[in-house]
K.L.:
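Mind having a look at this structure? Questions to follow.
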Amino acid sequence: MVRKKAEKSETRDFVAFLVKLAIFILILRSFIISPFNIPSESMQPRLVVGDYLLVAKWPYGFSKYSLPFSVPLIPGRILPHSPEPGDVVVFKAPPSARDDYIKRVIALSGDIVQVTNGVVSINGVAVERKRVEDFEQPVTPNSPCYRDEFQSPGANGITICRYPQFQETLPNGVTYRVLDIYEDSEGDNTQAFIVPDGHMFLMGDNRDRSADSRFPAEEGQAIGMVPEENLVGRALVVVFSTDGSAEWIKPWTWFTAARWDRIGGGF
């Protein structure tokens, strides 16, 4: 009898532990940090396919999009705060607000944005931009070359992709690097956009391979102007990165596939 009571007590304690753990994870992911992985090359060179990062939930306040599955338990947005130009943000992509996207904030409400020959202008002033060394990336399952013309041999028989890279500096002093691979691509020349109240103009750092605010919102593709209420959080730190060559049945490849030099990079 005593043994049965002890077993029941242990079962209750274990169930209570699981409930507490679930609540802790829910709070952690909803209001503090959550994981995010990079599925496309639209944010190269800062982020590449196979990067895993943590997203800070608190910088912009909280809404239903902070919660798993966007459960509508939070009305509106609590403790709202606008992002700063240059922030790398995760958000629910228009028009349906179902999928998580990641882009860089370029401009906010009331700003006028135009791209001319690949150069971004904000309120009539061209963003400072200068050519820097090429972005170099080994060819791996996660990182193929867009075209053969960008490939060249590297050390130890590794093929390297080299892409034209530029450094941009926004009016607030935030500096970052972008890729502008093709001349006269679809998004290199745009109309002048006026960012609506409560919205953001977002762009990918890989300008020729990013469907962003330069294009009308279309499900699974471009995003148009993004409401601030769609914000999920701000990119915080890269915690892991893999080149895609790992195989689950070969545990040693989990280590050889890791891109150790990318781990720990903040924003």
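Below, all heavy atoms of this structure are taken into account, side chains as well, without hydrogens, waters or symmetry copies.
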K.L.:
When you check the gap from the basic side-chain N to the acidic O, do Arg214 and Glu186 get nearer than 4.0 Å?
P.N.:
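Between Glu186 and Arg214 there is no salt bridge, as every charged N stays at least 4.0 Å from the carboxylate O atoms.
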
K.L.:
If you take all heavy atoms of Ser245 and Thr253, which pair is closest and at what distance?
P.N.:
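For Ser245 and Thr253, the tightest heavy-atom pair comes out as O-CB, 4.5 Å.
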
K.L.:
Using the side chain to side chain contact (heavy atoms under 4.5 Å, CB included) rule, take Asp111 and Phe193 through it: C-alpha gap first, then chi angles, then the decisive distance, then the call.
P.N.:
CA-CA 8 Å; Asp111 287 333; Phe193 299 97; over 6 Å; no

K.L.:
Parallel, tilted or perpendicular: which describes the rings of Tyr163 and Phe150, with under 30° parallel and over 60° perpendicular?
P.N.:
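Taking Phe150 first and then Tyr163, their aromatic rings stand perpendicular (interplane angle over 60°).
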
K.L.:
Check side chain to side chain contact (heavy atoms under 4.5 Å, CB included) between Ser42 and all other residues, then give those that pass, not counting sequence neighbours.
P.N.:
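Side chain to side chain contact (heavy atoms under 4.5 Å, CB included) list for Ser42, sorted by chain: Ser40, Lys103, Ser210.
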
K.L.:
Check Asp188 against Val115 and note the closest heavy-atom contact, atom names and distance.
P.N.:
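Asp188 and Val115 have their closest heavy atoms at O-CG1, 3.3 Å.
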
K.L.:
Show, in sequence, the C-alpha distance, side-chain angles and deciding distance for Tyr65 and Asn230, and conclude whether the side chain to side chain contact (heavy atoms under 4.5 Å, CB included) test is met.
P.N.:
CA-CA 7 Å; Tyr65 298 124; Asn230 286 31; 3.9 Å; yes

K.L.:
Got a donor-acceptor contact below 3.5 angstrom from the Lys57 side chain to the Ser66 backbone?
P.N.:
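Confirmed, Lys57 side chain pairs with Ser66 backbone.
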
K.L.:
Would you confirm whether Thr169, through its side chain, and Glu128, through its main-chain N or O, come within 3.5 Å as a donor-acceptor pair?
P.N.:
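The answer is no, because no donor-acceptor pair under 3.5 Å joins these two groups.
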
K.L.:
Keeping the roles fixed (side chain from Gln114, backbone from Thr190), state whether a donor-acceptor pair exists under 3.5 Å.
P.N.:
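Here the side-chain-to-backbone pair exists.
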
K.L.:
Check each of Lys130, Arg129, Arg131, Arg207 against Asp180 using the salt bridge (Lys or Arg N to Asp or Glu O under 4.0 Å) test, and report the only one that passes.
P.N.:
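Looking at Lys130, Arg129, Arg131, Arg207, the match for Asp180 under the salt bridge (Lys or Arg N to Asp or Glu O under 4.0 Å) is Arg129.
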
K.L.:
Would a distance-only check, ignoring hydrogens and angles, find a side-chain to backbone donor-acceptor pair under 3.5 Å from Ser213 to Gly224?
P.N.:
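Side chain of Ser213 to backbone of Gly224: a pair is present.
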
K.L.:
Between Val90 and Leu202, is there shared hydrophobic-cluster membership here, with clusters defined by ILVMFWY side-chain heavy atoms closer than 4.5 Å?
P.N.:
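In one cluster: no.
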
K.L.:
Can you tell me which residue among Val237, Ile102, Asn37, Leu236 is in a side-chain contact (heavy atoms from CB on, under 4.5 Å) with Leu53?
P.N.:
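Option passing the side-chain contact (heavy atoms from CB on, under 4.5 Å) with Leu53: Ile102.
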
K.L.:
Work out which heavy atom in Pro59 is nearest to a heavy atom in His81; give both atom names and the distance.
P.N.:
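Between these two residues, the closest heavy atoms are O-CB, 3.4 Å.
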
K.L.:
Judged by atom type as modelled, is there a donor-acceptor pair below 3.5 Å linking the side chain of Asn172 to the main-chain atoms of Val174?
P.N.:
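Yes.
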
K.L.:
If you look at every heavy atom in Gly198 and Ser109, which pair is closest and at what distance?
P.N.:
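Closest approach of Gly198 to Ser109, heavy atoms only: N-OG, 2.7 Å.
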
K.L.:
When you measure from the side chain of Arg209 to the backbone of Leu179, do you find a donor-acceptor pair of N or O atoms at a distance under 3.5 Å?
P.N.:
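Looks like no, no N/O pair under 3.5 Å.
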
K.L.:
Using side-chain contact (heavy atoms from CB on, under 4.5 Å) as the criterion, point out the one residue from Ser82, Pro83, Pro85 that pairs with Met200.
P.N.:
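For Met200, the side-chain contact (heavy atoms from CB on, under 4.5 Å) check succeeds only for Pro83.
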
K.L.:
Any carboxylate oxygen within less than 4.0 angstrom of a Lys/Arg side-chain nitrogen, looking at Glu133 and Arg177?
P.N.:
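A salt bridge links Glu133 with Arg177.
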
K.L.:
Mind checking whether Val226 and Tyr101 have side chains closer than 4.5 Å, heavy atoms only?
P.N.:
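Not touching, per the 4.5 Å side-chain cut-off.
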
K.L.:
Would Val178 end up clustered with Leu170 when hydrophobic side chains under 4.5 Å apart are linked, directly or stepwise?
P.N.:
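Yes; Leu170 is reachable from Val178 via cluster members.
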
K.L.:
Indicate if Leu231 and Phe36 have the same hydrophobic cluster label, given that clusters are the connected sets of ILVMFWY residues with side-chain heavy-atom separations under 4.5 angstrom.
P.N.:
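No; tracing contacts between hydrophobic side chains, which count when under 4.5 Å, never links both residues.
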
K.L.:
What I'd like to find out is whether the side chain of Phe201 reaches to under 4.5 Å of the side chain of Ile122, using heavy atoms alone.
P.N.:
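When only atoms from C-beta onward are counted, Ile122 and Phe201 do not touch, as no gap falls below 4.5 Å.
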
K.L.:
Quick check: closest heavy atoms across Leu47 and Ile38, and the distance to 0.1 Å?
P.N.:
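Of all heavy-atom pairs spanning Leu47 and Ile38, the closest is CD1-CD1, 3.8 Å.
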
K.L.:
If Ile, Leu, Val, Met, Phe, Trp and Tyr residues are connected whenever their side-chain heavy atoms lie under 4.5 Å apart, and connections chain through other members, are Val105 and Val127 in the same group?
P.N.:
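Hydrophobic grouping puts Val105 apart from Val127.
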
K.L.:
Hey, does the side chain of Asp212 reach the backbone of Gly204 with a donor-acceptor pair shorter than 3.5 angstrom?
P.N.:
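Yes, the answer is positive, given that a donor and an acceptor are paired below the 3.5 Å cut-off.
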
K.L.:
I'd like to check the side chain to side chain contact (heavy atoms under 4.5 Å, CB included) partners of Glu229; sequence neighbours left out, ordered by chain and number.
P.N.:
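Listed in chain order: Pro227.
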
K.L.:
Would you find more than 12 non-hydrogen atoms of other residues, nucleotides or ligands less than 6.0 Å from Tyr182 atom OH?
P.N.:
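Result for OH/Tyr182: enclosed.
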
K.L.:
Could you check whether any side-chain heavy atom of Gln137 comes within less than 4.5 Å of a side-chain heavy atom of Gln44, counting everything from C-beta outward?
P.N.:
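Of all side-chain heavy-atom pairs linking Gln44 with Gln137, at least one is under 4.5 Å.
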
K.L.:
Side chains of Glu219 and Ser96: is there a donor and an acceptor less than 3.5 Å apart?
P.N.:
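Side-chain D/A pair, Glu219 to Ser96: present.
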
K.L.:
Shared ILVMFWY cluster between Ile33 and Phe240, side chains joined below 4.5 angstrom?
P.N.:
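Ile33 clusters together with Phe240.
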
K.L.:
Walk me through whether Val48 and Asn142 qualify under side chain to side chain contact (heavy atoms under 4.5 Å, CB included).
P.N.:
CA-CA 8 Å; Val48 300; Asn142 272 346; over 6 Å; no

K.L.:
If the threshold is 4.0 Å, N to carboxylate O, is there a salt bridge linking Asp99 and Lys92?
P.N.:
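Salt bridge between Asp99 and Lys92, a charged N being under 4.0 Å from a carboxylate O: no.
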
K.L.:
Is the shortest heavy-atom distance from the side chain of Gln151 to the side chain of Cys161 under 4.5 Å?
P.N.:
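The answer is yes, as the side chains (C-beta and beyond) meet within the 4.5 Å cut-off.
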
K.L.:
Mind running side chain to side chain contact (heavy atoms under 4.5 Å, CB included) on Tyr146 and Asn206 for me, showing each step along the way?
P.N.:
CA-CA 12 Å; Tyr146 310 148; Asn206 190 347; 2.8 Å; yes

K.L.:
Looking only at atom types and distance, does a side-chain atom of Asn189 sit under 3.5 Å from a main-chain N or O of Thr116, one as donor and one as acceptor?
P.N.:
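Here the side-chain-to-backbone pair does not exist.
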
K.L.:
What donor-acceptor contacts under 3.5 angstrom involve side-chain atoms of residues 259-267, with partners at least two apart or in another chain?
P.N.:
unit_1: Arg259; atom_1: NE; unit_2: Ser241; atom_2: OG; d: 2.9
unit_1: Arg259; atom_1: NH1; unit_2: Ser143; atom_2: OG; d: 3.4
unit_1: Arg259; atom_1: NH2; unit_2: Val49; atom_2: O; d: 2.4
unit_1: Arg259; atom_1: NH2; unit_2: Ser241; atom_2: OG; d: 3.2
unit_1: Arg259; atom_1: NH2; unit_2: Thr242; atom_2: O; d: 2.9
unit_1: Trp260; atom_1: NE1; unit_2: Phe255; atom_2: O; d: 3.4
unit_1: Arg262; atom_1: NE; unit_2: Asp51; atom_2: OD1; d: 3.0
unit_1: Arg262; atom_1: NE; unit_2: Asp51; atom_2: OD2; d: 3.2
unit_1: Arg262; atom_1: NH2; unit_2: Arg46; atom_2: O; d: 2.8
unit_1: Arg262; atom_1: NH2; unit_2: Asp51; atom_2: OD2; d: 2.8

K.L.:
If we count only N and O atoms by modelled type, under 3.5 Å, do the side chains of Asp208 and Ser185 hold a donor and an acceptor together?
P.N.:
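On atom types as modelled, these side chains qualify, holding a pair under 3.5 Å.
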
K.L.:
How close do Val113 and Ala107 get, heavy atom to heavy atom, and via which atoms?
P.N.:
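It is CG2-CB, 3.4 Å.
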
K.L.:
Whether Arg104 engages the ring of Tyr176 as a cation-pi pair (distance to the six-membered ring centre under 6.0 angstrom, angle to the ring normal within 45°) should be assessed.
P.N.:
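Yes - Arg104 lies over the ring of Tyr176, closer than 6.0 Å to its centre and within 45° of its axis.
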
